[in-house]
Amino acid sequence: MLLQNTIKLILEEVVKNTLNLPITKDELVIQRTKAEFEGDYTLVLFGLVKKYKLKPDEIGEQIGTTACQQHASIFKSFNLLKGFLNFSLQDQCLLDFLENTYPNADFGKAFPHTKRVMVEYSSPNTNKPLHLGHLRNIFLGWSIAELLKERGYDVTKSCVVNDRGIHICKSMIAWQLFANGATPASTGQKGDHFVGDYYVKFNDAHKAQVEEGLAAGLSKEQAEREAPIMKATQQLLQDWEAGKKEVLELWNRMNQWVYTGFEETYTKIGADFDKTYYESQTYLLGKQFVEQGLANGTFYKKDDGSIWIDLTEEGLDEKLVLRKDGTSVYITQDLGLAEQKFQEYKYEQSIYVIADEQNYHMKVLQLILQKLNKPYATGIYHLSYGMVELPSGKMKSREGTVVDADDLIAEMIQVASAKTEELGKVKDFSSEELDKLYQTLALGALKFYLLRVDPKKKMIFNPQESIDFQGFTGPFIQYTYARIQSILRKETPAASLPMQKHLEKEERDLLISLEQFPAVLDQAVTEHNPSVVALYVFTIAKLFNTFYTQHSIMNAGTAEIRQLRLRLAMLTATVIKKSMSLLGIEVPGRM
RNA sequence: GGUCCGGUAGCUCAGUUGAAUAGAGCAACUGCCUUCUAAGCAGUAGGUCAUUGGUUUGAAUCCAAUCCGGAUCACCA
């Protein structure tokens, strides 16, 4: 059991008995002792003092004395300071933890259970390549899925591809008009970028035609709608829905180009999915809900035939669920897809990694499912994350400020390579090993940079800062790991050899933090927040580096001390490696 | 206008079930490589926690009002 929990249970017992009070453990505030005071864990007495009108000095003395007497194997000593009861732990209980844990490469892994969770993330459109915003989504979704797995959940990663609709038709029209039969193969371009370029060409052509229309005296709205290229696009959409063969063929062909491109990027960044849904196959789902909703009075029909739900009592608005022409809208499709996912996977929780601009939409989705008495409604969880902005403001495709994912990664690899060469520590690496290292460092920097911030908050992507390799960064932590490996290559701990029974300050600080690893993972899972892990692994790396510069491992004073430190180093490496891998980041043996 | 989210050091962020002198990283400045990787370590400097009022033994954290920024409220997705 975790030390902090053990301590809490013990102190609960001690407080109950010594003070003869009906304490529950929720009333006890236990925290790490602040660095400037002596001790490891602190019981904050103010709550007790207030509730039971006691004197902090008296009860502190009683609790401290009793705890140390009755649980001498855990508590070494205590001190009392203005309502804070600070306990120092016995070295031995920390050493026991180290001894039991260092050989376990699975430290942190919980027993599997049967709770099933779906995590939907990425969910791109097929009309343009992935950009920085997608990367935050993908890294987040992937990491939260892995964290859930680590803590024993049965996880299915899913992706919904928005592969149909007017936006796809725009790229198709532009290709028909301007491509002269060009393909990604004939131009040597990555498929998603290739198609994205035609989407841009559509917009350029459309814009020009709108200006002509305006010049001819049309209103802006008219000009936009009546532009020939737009009308052709509308026609294409109708033909698509009618199942016209040539249209479907072109649609398929262009989407395949995009998928090939996406696949390449996904492989590079290590994203994977167990199940992919295509909107073209699911957009008709959900109409069944309309019947159900009308039947039980949740929905109502307006005179023009459109169907709505009234959510004003819940503080929201009226929401359309079926157009007057009988076609479904986005929310209707989502209702259908939620049902299909549930039928297929019987999930207890279904996590949607979607930007916070859709908070309202997701609220409505859950509310409608509740009103339709769907058992899985409560399991819907919107992992809402803030948009990624640039120091200059929001990314705008119209202004060409969108940061392309592939370009960004290539740039990071460049920087990683330049820095590595500059330091010249791996001159003996083969070019394959170098490429691998550059990629590990580049993606480590990028992923850590995007994951270290609380997902809920919007974040500023500063290109200069993101390629930083010092301080609170992925490479700093990777470097710490490589340092440890360099020692472990020389010597690994030997279980048969005894280790030192006393801990230096830097050793205990590190050990106490290492012990919290499983609790940190639980926190990350409950909060759906990988940044908790990023923050944690950074403090571990810092604690290790502080220890490392003050105490030699290989040249420790005695063989016992060396054994202790080798074990400590090994456990630190395990925790770093696991933390990073849960963030999707690899760690190099050398760098 | 309604609803929701945010405002902490020059910059980027932790800390928000109330608790000790509000913490990191970057940038600035000062030291430390004949000793396990200096992509490191140690230190200095930097704060009216948006503002005002309230609750409390105790408030960045809770409440109210105000100011500023953002999202959303489509027969778009």
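Sequence lines set the chain letters: A, B, ... in the order given, protein chains first and strands last, and positions in each chain run from 1. Computed over heavy atoms, backbone and side chain alike; hydrogens, waters and symmetry mates excluded.
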From rA14(B), rC75(B), rC41(B), pick the nucleotide closest to the side chain of D304(A)? rC75(B)
Answer yes if the side chains of R489(A) and Q485(A) hold a donor-acceptor pair under 3.5 Å, and no otherwise. no
Nearest 0.5 Å please: distance from the OH atom of Y121(A) over to the NE2 atom of H134(A). 13.0 Å
So what does N462(A) touch, heavy atoms closer than 4.0 Å: a base, only the sugar-phosphate, or nothing? nothing
Identify the pairs formed between an N or O of the protein and an N or O of nucleotides 25-30 of chain B at a distance under 3.5 Å, and give each distance.
from, atom 1, to, atom 2, distance (Å)
rG25(B), O2', F472(A), N, 3.2

Specify the residues of residues 305-315 of chain A, ordered by number, for which at least one heavy atom lies under 4.0 angstrom from an atom of RNA chain B. S306(A), W308(A)
Pick the P atom in rG46(B) and in rC5(B), then give their distance to the nearest Å. 36 Å
Considering only the C1' atoms, how many Å lie between rA27(B) and rC11(B), rounded to the nearest integer? 8 Å
Does the ring of F46(A) meet both stacking tests against the six-membered base ring of rA19(B): centre distance under 5.5 Å and plane angle under 30°? yes
For rC67(B) versus rC13(B), give the span between their P atoms, rounded off to a whole number of Å. 26 Å
Given the ring of Y385(A), does R136(A) sit roughly above its face, with NZ or CZ under 6.0 Å from the centre of the six-membered ring and within 45° of the axis? no
Integer-rounded Å distance: rA20(B) C1' and D40(A) CG: 17 Å
Indicate whether OP1 or OP2 belonging to rA38(B) is found under 4.0 Å from a side-chain N or O atom of R483(A). yes
Answer with base, sugar-phosphate or nothing: what part of the nucleic acid does N86(A) contact at a heavy-atom distance below 4.0 Å? base
Among the nucleotides rC36(B), rA77(B), rA14(B), whichever has the atom closest to the side chain of M554(A) is rC36(B)
Any N/O donor-acceptor pair, T539(A) side-chain to rA24(B) base, under 3.5 Å: no
